[in-house]
Enquirer: 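I'd like to ask some things about the structure below.
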Amino acid sequence: MTAVTRRALVAGAGAGAGLALAPPAFARAATGGGFLWGAATAAHQVEGNNVASDIWLLEQVRPTLFAEPSGDACDSLHRWREDIAIVRALGLNCYRFSVEWARIEPAEGQISQAYLDHYARMIAHCRDSGIRPVVTLHHFTSPRWFSARGGWEQPDAPDRFAAFVDRVARRMGDGIDHAVTFNEPNLGKLGEWSATPMSEAVRRRMRAMLAAAAKASGSDRFSLLNAGDPDAMIAPVIAAHRLARAALKAVRGDLPVGMSLAIPDDQPAGAGSRIEEKRRAVYEPFFAAAREDDFIGVQTYSRSRIGPDGALPPPDGAERTQTGDEYYPQAIGNSIRYAHRATEKPVLVTENGIATADDAQRARFIPAAIASVDAARRDGVPVLGYIHWSLLDNFEWFAGYGPKFGLVAVDRQTFARTVKPSAHVYADIVSKRS
Ligand code: BGC
């Protein structure tokens with residue numbers, strides 16, 4: 001999301017799978033336990049029909065900035081067992097996914113026990129399959145009612161979020177391996193440092209889309225993370241992060257908790273680079289909170305060269321990805337060095353990947369990216385794991401289903417999953433380390 005996009009918003013499951021099962025009880029997940037090798041998804045991008053969420057509404061209203069609606073997405077709401085089976089078959093030991101607040105609390109104060117059970121079942125199934133679940137509590141979407149009452153700009157927003165997190169913690173906290181409170185809460189600030197900032201026409205359309213969503217909700221406002229005034233959201237989101245962390249720790253004191261930040265590999269370009277100004281604005285407020293956490297989640301896709309006038313486009317002739325980013329796999333190694341230096345916390349690579357319709361490009365990207373993580377580890381950066389974005393080709397926010405980030409292709413009609421050669425490249429690397 002230029003703010004809802006960075007790169008512009010920047011077998012066997014079958015319907016009803018597992019519904020007859022009693023909700024699982026958990027033995028507490030072991031902490032520690034070696035390097036995490038994983039793949040990631042987010043609920044709205046893969047589940048389908050997330051109709052009570054704010055972004056679903058934004059996809060429906062006119063005007064909209066979304067290229068197409070999310071619709072059935074990858075139907076992972078029903079096919080999640082198949083997804084976990086693929087993670088396992090690839091020899092990975094970790095699956096990062098998000099629990100959807102809009103499903104668990106579809107109307108203000110109305111809690112869906114069935115969806116709490118659904119996510120608890122996913123977590124239990126991961127653990128039964130030898131997969132460590134890294135669970136995100138907020139991955140861009142909020143319930144529609146929450147955004148229609150003013151979103152993060154309402155004074156009680158952090159408490160509302162913490163109440164949701166408390167329910168998740170009590171229902172399934174014992175099964176979670178690592179918890180990520182917020183996914184990229186700094187994306188709005190990062191958007192201000194884009195080499196291709198939103199045009200005034202797009203800004204106008206964004207405002208019109210939000211106004212249409214407010215009207216459709218019978219409200220005079222509609223505000224969501226990374227789509228409003230980024231400065232206004234920093235304090236409430238950090239407050240919400242702290243309360244969420246406390247809610248998780250109250251139930252499970254030893255559960256590792258952090259947030260994930262969007263951190264391109266920022267590089268100074270030329271004399272008078274504004275890189276330090278960018279770092280102060282985009283990361284520092286979040287790093288300050290992360291210094292109280294157990295780890296810092298880092299999400300990196302490319303580099304950003306910062307000159308005296310701000311961000312520069314990729315160099316002439318540079319290889320690009322499908323979303324126009326520079327192909328620059330070694331970025332992740334530099335980002336994790338920086339994030340660790342700034343926070344002194346262990347780093348979890350919660351996302352790293354590439355949008356490409358040419359899977360051979362991804363197959364080159366993965367070993368190079370992992371080599372850069374290895375080099376940082378050799379230099380002493382404590383890295384907890386590497387989680388590739390994404391397990392599946394999925395709904396890429398404003399860009400719809402065009403960009404292909406997946407290790408696995410998904411047929412848009414049948415939802416059949418096809419593991420790509422690049423996934424085997426990743427699996428081979430992991431198998432040599434296990
Ligand atoms: C987000 C994902 C997104 C990915 C690729 C990150 O900004 O967390 O939801 O799909 O990058 O753009």
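Every number for a ligand or one of its atoms is a count from 1 in the order of the listing.
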Enquirer: Which is it for Asp393 and Val408 under the side-chain contact (heavy atoms from CB on, under 4.5 Å) test, yes or no, and what are the steps along the way?
Expert: CA-CA 6 Å; Asp393 283 341; Val408 176; over 6 Å; no

Enquirer: Can you sort out which atoms of ligand 1 are near Asn183, meaning under 4.0 Å from one of its heavy atoms?
Expert: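 Per the distance check, 1 (C), 8 (O).
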
Enquirer: Under 4.0 Å from a heavy atom of Gln45: which atoms of ligand 1 are those, numbered in the order shown and with their elements?
Expert: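 In order of numbering, the contacting atoms are 2 (C), 3 (C), 9 (O), 10 (O).
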
Enquirer: If hydrogens are left out, which of Gln299, His139, Glu396, Glu184 has an atom nearest to atom 12 (O) of ligand 1, that is, the closest non-hydrogen atom?
Expert: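 That would be Glu396.
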
Enquirer: With a cut-off of under 6.0 Å to the ring centre and 45° to the axis, is Arg320 in cation-pi contact with Tyr327?
Expert: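 Not flagged: Arg320 not positioned over aromatic ring of Tyr327.
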
Enquirer: Not counting sequence neighbours, which residues clear salt bridge (Lys or Arg N to Asp or Glu O under 4.0 Å) with Glu100? List them please.
Expert: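 None.
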
Enquirer: Mark yes or no: Arg362 above the aromatic ring of Tyr426, with NZ or CZ under 6.0 Å from the six-membered ring centre and no more than 45 degrees from the axis.
Expert: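 Pair Arg362/Tyr426 does not count as cation-pi.
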
Enquirer: If you count the atoms of ligand 1 from 1 in the order shown, which ones are under 4.0 Å from a heavy atom of Phe405?
Expert: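 Matching atoms, with element in brackets: 5 (C), 12 (O).
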
Enquirer: Under 6.0 Å between the ring centres of Tyr283 and Tyr338?
Expert: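 Yes, the ring centres sit under 6.0 Å apart.
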
Enquirer: Any idea which atoms of ligand 1 are less than 4.0 Å away from a heavy-atom of Phe140?
Expert: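 Ligand 1 atoms under the 4.0 Å threshold to Phe140: 1 (C), 9 (O).
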
